[in-house]
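As structure tokens, the structure follows; a few thoughts come after it.
From a predicted model like this one, the values you see are computed outputs, not experimental measurements. A, B, ... follow the sequence lines: proteins, then strands. Residue 1 opens every chain.
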Amino acid sequence: MRAIPRGEVAGYGEVARRAGLPGRARMVARLLSHNEDPTLPWHRVLRSDGRIAFPPDAPEFAEQSQRLRAEGVRVEAGRVRGVRAATLDEQIWGVPD
DNA sequence: GAATTGACTCCGT
DNA sequence: TACGGAGCCAATT
């Protein structure tokens, strides 16, 4: 997850796969929900459809959007624009699959 | 050990 | 793009 460059994002599934745990997207989500490490760029992790995983009324939603925008990522109504959310495996790790 | 519960994903409408 | 349904995995009840 820390390998995700500033200003880029990745999906839960992507992260799980790169961690050697295909199909464990929910596990990643669970880890994040319990994570306490402030240096972990959790805000760069989105759902497969490129949207923020929180409901728009959740306080985390605002925080994540803000953090992303602070990195130059365009966020509109909980959806991330300008970055491939589900398939930048290659873009990040140079793995063509 | 069955039922429930998510910061999930895929597919058909 | 939005919805609903089914599948999924691990932790919790």
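Between A/R47 atom CZ and B/dG6 atom P the separation is 14 Å, expressed in whole Å. As rounded to whole Å, 18 Å separates atom P of B/dC8 from atom CZ of A/R17. When rounded to the nearest whole Å, the span between CD of A/E36 and C1' of B/dA7 equals 16 Å.
The two residues A/I52 and A/V75 have their closest heavy-atom pair at CD1-CG1, 4.4 Å. Scanning both residues, A/I4 and A/A10, for their nearest heavy atoms gives CD1-CB, 3.6 Å. What you find for A/W42 and A/M1 is that their closest heavy atoms are CA-SD, 4.2 Å.
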Legend entry - Summary of protein contacts for nucleotides 8-13 of chain C, nucleotide by nucleotide, where a base hit scores B, a sugar-phosphate-only hit scores S (4.0 Å, heavy atoms): BSSSS-

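Contacts between residues 52-65 of chain A and DNA chain B, counted as heavy-atom distances below 4.0 Å, involve A/A53, A/F54.
Ion pairing between A/E71 and A/R67 fails under the 4.0 Å rule for side-chain N and carboxylate O. A salt bridge links A/E14 with A/R17: at least one charged nitrogen is closer than 4.0 Å to a carboxylate oxygen.
Not a single salt bridge (charged side-chain N to carboxylate O under 4.0 Å, His left out) links A/D57 to another residue, sequence neighbours left out.
Residue A/R51 places no side-chain N or O under 4.0 Å from the OP1 or OP2 atom of B/dA7.
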